[in-house]
Amino acid sequence: VNITTPERAHARDDLPWLRRRTTRAVPPGAGAVPPAGGAVFSSNHHGIYPDPPQASANSDLSANDSMASAGPPQPRADLNLSANDSMASAGPPQPEPAIPGPDNMDRYRVARTRDGLPTILTPKEPVVTLTRVQSGVGALTIQAVISDSVGDLTLGCTYNLVSGQSSVIHHGSGLRVAPAGSRRPVIIATSGFGELTVDLAQNRELERLVVIAYSESGAALSWDGTLVVRTYGGARVEVPLRRSPGPGVLVPLSLYNIDGEFVLRAEQALISGSIREATAAFGFEDISWLDDHTALS
Amino acid sequence: MAAPMTRGSNVALTREIPSLRGVVLGVKLLSAERVLTDNLVVATILCNSSGKALSDAHFVFFNQLSSPELSVTQLARAVGQDIEQVEIDLSAVPTEVSRIVVVTYINEGNAARRTLGQLREARVRVLNLADNTELVRSENLATGLHNETGLALGELYRHEGGWKFKVIGQGYGNGIRALAADFGIAL
């Protein structure tokens, strides 16, 4: 980014209180500005929180790496800070990248759902990010679609709310809504094998949600079937539940609210132990427990 | 103060006030039914000349407080008597935007179904962004609503190089789904 020419800098749509300070007209189609919190996961972050949107692996500070003409960073072994490559004077011209314009902004391509096709999350491509509209309109439903041969699989979730409240809900327990006892729940665990619905009018209340699947009776399950997440508009995200048969608590999916965009990530954790241990493995530490499978409130 | 504007009536804002640079659309929705008011969402849609949203990013609501070029911004917290306020910098509105429509709908989340027929009051007003003075306000659009779950309140639109404001007051039976279909928003 060439910070020496503010008029060429991109508008910050994540900072609305600065909007009066944009002095130039943005040309039509300049929507290439990545959305605020255009969630980006990198492998070195254990998938917990995304990198800041502007984080760049490119250490080249030369002037011709401006956002307007930016291509993929030219691989360079050295950090070239020599005088003729300073920010004030343009460095030696580099070959124009073959890829044109706005696409180059998207160095970190955010995976989105597709029209008419389900998005299947796999170990290789475990993450999809819902748009602000998908994350904010109607309700999000999370459902385990399984056959009877699996056993008595029950779906639940553990959550952090922005308010600081954190607990576990599942249909088999007395705790079926989040926050507990709420007149206006953010999350509800409904009946059947278990279905979770998130009220997206309250998406600002939700920080993260981690889905858990387990046997109500503590039996070993023949893990199979699919976890299906549906947006209000009908986009589907699917996570295979197939694992080797056995006991334990499966964590198939996590959901992080990254500045208004829901980032769904397939987790690969089958934790041999209780719900308490499974939630602890995902860093839920502010939960008081009645027993290994039931939160206090 | 002038008489409230009725459904379908319009006013030439920039012709009446040539110095007008920006406006605030203030929306007031009142009901005794808390389940209803909890789930009311106000949204502003930037439309092209065919009446379709330019993109999903041009659907401005609580989870997307600004349009990409920052011309339309919903306040996180409205000031005064409105439940929501949307600030519009008229000169920053992209040229391909012909209409800016403000709507409300009942979000179908976890709550029991409600309808806009339970609203006691629904109105939209226009303030001058520069000094917060009220320029016009609509009549109460709640009258005549029954089973609707969506409502187009009013719109700003380009006319002869300036901007006019029109009260719409049209209800929709299928909430945001119907509004999204009408204005070309991919949910």
Side-chain angles (χ1 to χ4, degrees), chain A residues 10-36 113 115 130-141 177-178 182-188 190 196-204 231-235 257 259-262, chain B residues 21-22 34-35 37-43 45-46 48 53-76 86-89 91-97 105-112 129-130 149-150 175-177 179-181 185-187:
Chain A
H10 272 259
R12 292 289 301 263
D13 60 355
D14 54 337
L15 301 172
W17 58 90
L18 294 179
R19 65 196 179 284
R20 301 274 177 265
R21 303 178 68 185
T22 46
T23 52
R24 76 214 138 65
V26 176
V33 182
T113 61
D115 281 345
L130 303 184
T131 66
R132 290 177 170 277
V133 173
Q134 288 174 323
S135 307
V137 174
L140 195 73
T141 62
V177 300
S182 172
R183 181 188 65 82
R184 195 186 171 211
V186 179
I187 317 166
I188 298 183
T190 51
L196 305 164
T197 64
V198 182
D199 178 7
L200 297 183
Q202 300 185 75
N203 80 341
R204 287 168 292 186
T231 68
Y232 189 71
N257 185 359
D259 194 24
E261 288 190 320
F262 282 6
Chain B
R21 294 289 169 268
R34 194 162 162 200
V35 177
T37 51
D38 277 349
N39 291 291
L40 285 171
V41 177
V42 171
I45 309 164
L46 286 77
N48 61 21
L54 261 51
S55 77
D56 294 0
H58 294 84
F59 181 79
V60 175
F61 71 128
F62 69 86
N63 203 37
Q64 185 160 262
L65 289 172
S66 288
S67 58
E69 74 302 319
L70 312 184
S71 62
V72 177
T73 300
Q74 179 164 329
L75 297 190
V86 182
E87 298 185 352
I88 299 168
D89 182 351
S91 62
V93 175
T95 49
E96 66 266 42
V97 172
Y105 63 90
I106 304 173
N107 192 67
E108 287 186 75
N110 284 330
L129 181 62
T149 50
I176 183 61
R177 289 192 196 280
L179 287 163
I185 301 151
L187 290 180

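So that the names make sense, note that chain A is the first sequence line, chain B the second, and so on, each numbered from 1. In this text, all values refer to a predicted model and were calculated from it rather than measured experimentally.
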Check each atom of A/Val198 against the heavy atoms of chain B and say whether the ones under 4.5 Å are side chain, backbone, both or neither. backbone
Could you grab the distance from atom CG of B/Asn110 to atom CD1 of A/Ile188, nearest 0.5 Å is fine?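 Between atom CG of B/Asn110 and atom CD1 of A/Ile188 there are 3.5 Å.
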Residue pair A/Val133 / B/Phe59: nearest heavy atoms and the distance that separates them: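 Smallest interatomic distance, heavy atoms only, reads CG2-CD2, 4.0 Å.
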Heavy-atom closest pair, residues B/Gly109 and A/Ala139: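 Shortest heavy-atom contact: CA-CB, 4.0 Å.
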Can you tell me if B/Arg177 uses its side chain to pair, donor with acceptor, with the backbone of A/Tyr232 under 3.5 Å?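 Pair found, side chain donor or acceptor close to backbone of A/Tyr232.
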Top contributor to chain A contacts, counting heavy-atom pairs under 4.5 Å, from B/Val35, B/Ile176, B/Ile185: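 The residue among B/Val35, B/Ile176, B/Ile185 with the greatest pair count is B/Ile176.
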Taking the side chain as every heavy atom from C-beta outward, state whether B/Asn39 and A/Arg184 have any pair of such atoms under 4.5 Å apart. yes
Pick one of side chain, backbone, both or neither for B/Asn107, based on which atoms fall under 4.5 Å of a heavy atom in chain A.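 For B/Asn107, the side chain is the part near chain A, not the backbone.
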For the residue pair B/Val41 and A/Val137, establish whether any side-chain heavy-atom pair is separated by less than 4.5 Å.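 In short, these two side chains do not touch, never coming nearer than 4.5 Å.
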Heavy-atom distances under 4.5 Å only: say whether B/Ala186 touches chain A with side chain, backbone, both or neither. backbone
Nearest 0.5 Å please: distance from the CG atom of B/Asn63 over to the CD atom of A/Gln134.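 Going from the CG atom of B/Asn63 to the CD atom of A/Gln134 covers 11.0 Å.
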Which atoms of A/Leu140 approach chain B - backbone, side chain, both or neither, heavy atom under 4.5 Å: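 Neither the backbone nor the side chain of A/Leu140 comes within 4.5 Å of chain B.
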